[in-house]
Amino acid sequence: MEEIRTRFPPSPTGYLHIGGARTAIFNWLFAQKTGGKLILRIEDTDEERSSEESIQGIIESLKWLGITWDEGPYFQSRFINEHLAAARKLLESGHAYKCFCTKEELDRKREEARKKKADFQYDGTCRNLTPKEVAEKEAAGVPYTIRLKVPRGEGFVGFEDIVYGIIEKKYEDIEDFVIVRSNGRPLYILSNTVDDIRDRITHVIRGQDGLANTPKQILIYKALGALVPKFAHMSLTLDPKKAKISKRTHGELVAVSFYREHGFLPWAFVNYLALLGWSTPDSREIFSKEELIKAFSLQGIGRANAVFDFRKNDPKFFTDPKAISVNTHYIRNLPVEEIEPYVRAELEKAGIWDPDFQGAKRDWFLRTVDLIRTRYHVTTDFATLGRAYFSDDYPIDPKALKKNILKHEGFKEWFPVLADRLQAIKAFTVEEAEKVIRETAEEFGIKAGILINGIRTTVTGQAVGPGLFDVLIAVGQSRVVERLRKSVIFFE
RNA sequence: GUCCCCAUCGUCUAGUCAGGUCCAGGACACCGGCCUUUCACGCCGGCAGCACCGGUUCAAAUCCGGUUGGGGACGCCA
């Protein structure tokens with residue numbers, strides 16, 4: 001059987017955004033699933049907007065997501081001569097012709113048509129130029145573009161899209177489109193097709209916005225005598241207002257790097273993105289990498305566009321709640337060793353990483369991560385909400401301070417007593433700590449909850465967290481005692 | 001304006017190709033309860049949808065037509 005080859009061809013005009021990432025993921029999944037190859041091709045032929053920085057950023061984002069490619073990156077700009085050779089071939093075989101119309105003239109006609117609310121198509125002025133006329137214009141040095149000669153009369157270009165089914169477009173609805181500019185540079189529609197032919201792409205998996213281009217490209221394949229690949233167009237990703245996601249209007253909120261910086265586990269993000277516009281008959285949502293590859297199929301891609309429901313300025317969610325929930329799932333359920341490197345990265349970023357955490361204190365570290373992770377949503381939480389476990393320099397949440405400590409003047413005397421008694425414990429265990437604290441509460445004639453919540457706030461800086469006695473063991477006897485002693489300053 | 005695509009809970013979706021088993025299933029979010037030293041987790045329960053109109057049929061979310069709505073493409077950008 002023929003080898004399956006897919007490609008991901010980003011144009012390096014900015015960061016990788018979620019739409020591009022999704023396209024890359026689907027191509028990658030299909031290649032993995034079928035034992036095929038994924039080709040990475042940088043379409044850097046837009047001289048104005050392409051940048052090296054963007055190329056690096058895109059590659060970095062792909063790597064972070066865990067998307068691997070088998071060939072490339074190839075650079076489209078290196079193959080311009082090949083694109084032009086194809087155009088010459090089309091000229092010679094009579095599938096294309098030189099057009100001497102000026103851009104200004106065409107722009108004017110287009111504008112005129114738009115005003116009259118009429119359809120505009122190139123009128124084919126130069127299509128019927130005699131060889132003599134062409135020669136004269138050329139001799140006079142009139143610049144020209146090269147247009148593909150689209151078949152005229154009845155008939156249509158048809159193909160069967162793997163996702164959308166049979167698509168047919170009448171010849172009369174396709175104009176003789178430009179494939180080479182008057183400055184001699186090829187256009188995307190030509191370059192992209194020639195590259196796909198050279199790279200022996202068998203399956204073009206791309207956004208639905210490429211659907212309208214497909215009949216034109218098929219015409220090029222046929223004129224060049226090349227085999228037409230299979231096409232699978234995927235539904236688009238829309239913003240909450242149903243507009244196409246774009247770097248321009250959504251900024252960093254749609255950048256893959258944004259999610260990396262905000263504490264997403266790469267696989268969780270891939271898993272979530274796969275769910276946008278793709279599903280299995282059983283509506284399953286959580287997949288390991290192996291499971292996703294196994295479950296993936298192009299037929300599972302939906303035809304209706306999907307909304308990436310990010311919430312700008314939402315106090316509770318900084319992006320699509322579903323994306324966060326998938327991430328949360330992984331943070332809570334993955335073997336703790338698998339999230340260890342990500343927690344480490346966050347602690348390093350926060351400047352509170354201790355090398356012992358992967359040496360002498362590794363057991364403690366893993367146990368602590370495991371203890372606190374059930375209420376975290378993103379890996380950055382370990383360095384913010386969880387800071388007190390890993391560093392002695394941590395902030396006290398003012399609300400918690402007010403509610404759990406300042407409300408009870410008694411802590412002025414309770415904290416020192418608790419510090420003494422906890423320090424006196426020989427074997428510092430959950431049971432012992434609990435016993436001491438409950439007895440102390442009884443002695444003072446108050447509810448244990450008051451002491452428990454006050455201690456939690458002092459020791460962790462927060463009103464919420466794991467069961468207090470587990471917290472005390474995690475933080476450790478000496479640090480707990482120290483923190484309690486220092487707490488009298490809250491009343492100064 | 002022309003061409004193309006799409007239409008199930010707020011969001012992601014199953015079900016549509018092969019009409020009955022769907023007074024529509026799951027997930028997220030939301031609400032309530034249990035658990036509890038707090039917050040989570042977990043468990044239990046709830047809210048909420050087949051865009052509309054017509055047709056075919058014994059029977060339609062599923063098939064057909066139209067309407068409306070949404071999206072995309074119409075560049076000498078990629």
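On a predicted model such as this, the values are computed, not experimentally measured, just so you know. Protein chains get the first letters and strands the later ones, always in sequence-line order, with residue 1 at the start of each.
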**OP:** Starting at the 5' end of nucleotides 26-35 of chain B, put B wherever the base has a protein heavy atom under 4.0 Å, S where only the sugar-phosphate does, and a dash everywhere else.
**Re:** BBSSS-----
Subject >> Residue pair A/Ile324, A/Phe318: steps toward the side-chain contact (heavy atoms from CB on, under 4.5 Å) verdict >> reply: CA-CA 9 Å; A/Ile324 294 177; A/Phe318 68 89; 4.0 Å; yes
**OP:** Kindly indicate, with the supporting measurements, whether the criterion side-chain contact (heavy atoms from CB on, under 4.5 Å) is fulfilled by A/Phe428 and A/Leu422.
**Re:** CA-CA 8 Å; A/Phe428 197 67; A/Leu422 287 171; 4.2 Å; yes
Original post:
Given the rule in the side-chain contact (heavy atoms from CB on, under 4.5 Å) test, do A/Arg147 and A/Cys101 qualify, once you have shown the distances and angles that lead to the verdict?
Top reply: CA-CA 11 Å; A/Arg147 289 180 183 271; A/Cys101 298; 5.5 Å; no
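For the pair A/Arg49 and B/C77, the criterion of a side-chain N or O lying under 4.0 Å from OP1 or OP2 is not met. Within the structure, every side-chain polar atom (N or O) of A/Arg303 is placed at least 4.0 Å from both OP1 and OP2 of B/U13. One finds no side-chain N or O of A/Arg284 lying less than 4.0 angstrom from the OP1 or OP2 phosphate oxygen of B/G25.
Checked against B/A73, B/U37, B/C76, the side chain of A/Phe469 finds its nearest nucleotide in B/U37. The A/Leu275 side chain lies nearest to B/C12 when the options are B/C12, B/U38, B/A73. Of the candidate nucleotides B/C5, B/A78, B/U13, B/U13 has the atom lying nearest to any side-chain atom of A/Ala306. Minimum atom distance to the side chain of A/Arg456 is reached by B/U37, of the listed B/G72, B/U37, B/A78. Here the side chain of A/Ser182 is nearest to one of B/U11, B/C76, B/G71, namely B/C76. Listed nucleotides: B/C12, B/G75, B/G71. Nearest to the side chain of A/Gln208: B/G71. In the set B/C5, B/U37, B/C39, the nucleotide with an atom closest to the side chain of A/Asn453 is B/U37. When each of B/U38, B/U13, B/A78 is scored by its nearest atom to the side-chain atoms of A/Val464, the top-ranked nucleotide is B/U38. In this structure, the nucleotide among B/U37, B/C76, B/C5 sitting nearest to the side chain of A/Arg438 is B/U37.
Separating the C1' atom of B/C28 from that of B/G49 is a span of 15 Å, rounded to the nearest Å.
Using N1 to N3 plus N6-O4 or O6-N4 for Watson-Crick, or N1-O2 and O6-N3 for G-U wobble, each under 3.5 Å, B/C34 pairs with B/G42. Of all nucleotides present, only B/A73 satisfies the Watson-Crick or G-U wobble test against B/U2, with each distance under 3.5 Å. Pair check for B/C50 finds none; no Watson-Crick or G-U wobble contact set falls under 3.5 Å. Pair assignment for B/C22: none, as no Watson-Crick or G-U wobble contacts are both less than 3.5 Å. Pairing partner, B/A7: B/U68, with both Watson-Crick or wobble hydrogen-bond distances short of 3.5 Å.
Of the residues listed (A/Ser50, A/Ser77, A/Ser11), the one engaging A/Asp44 in a side chain to side chain donor-acceptor pair (under 3.5 Å) is A/Ser77, and it is the only one.
Judged by closest nucleotide on RNA chain B, A/Leu211 is the one of A/Leu211 and A/Asp470 placed further toward the 5' end. In this structure, A/Ser235 and A/Glu168 both approach RNA chain B, and ranking their closest nucleotides by distance from the 5' end singles out A/Glu168.
At the heavy-atom level, A/Lys242 lies under 4.0 Å from the strands shown only through sugar-phosphate atoms. A/Arg332 comes within contact range of the sugar-phosphate backbone alone, with a heavy-atom separation under 4.0 Å but no base atom that close. Looking at heavy-atom distances under 4.0 Å, A/Thr374 makes contact with a base. Heavy atoms of A/Gln462 sit nowhere under 4.0 angstrom from any nucleic acid atom.
Distance CZ (A/Arg185) to C1' (B/A78): 12 Å, rounded to an integer number of Å. Residue A/Asp173 contributes atom CG, which lies 20 Å from atom P of B/G72 at whole-angstrom precision. A/His233 has its NE2 atom 13 Å from the P atom of B/C6, to the nearest Å.
Taking 4.5 Å as the limit, every side-chain heavy atom of A/Phe156 sits out of range of all side-chain heavy atoms of A/Asp173. Here the side chains of A/Ile205 and A/Thr23 are not in contact, with every heavy-atom distance at 4.5 Å or above.
For A/Phe296 and A/Phe26, the gap between ring centers is short of 6.0 Å.
The aromatic rings of A/His233 and A/Phe231 lie parallel to each other, with less than 30° between the two planes, well short of the 60° mark.
Heavy atoms of other residues, nucleotides or ligands lying less than 6.0 angstrom from CD of A/Gln56 number more than 12.
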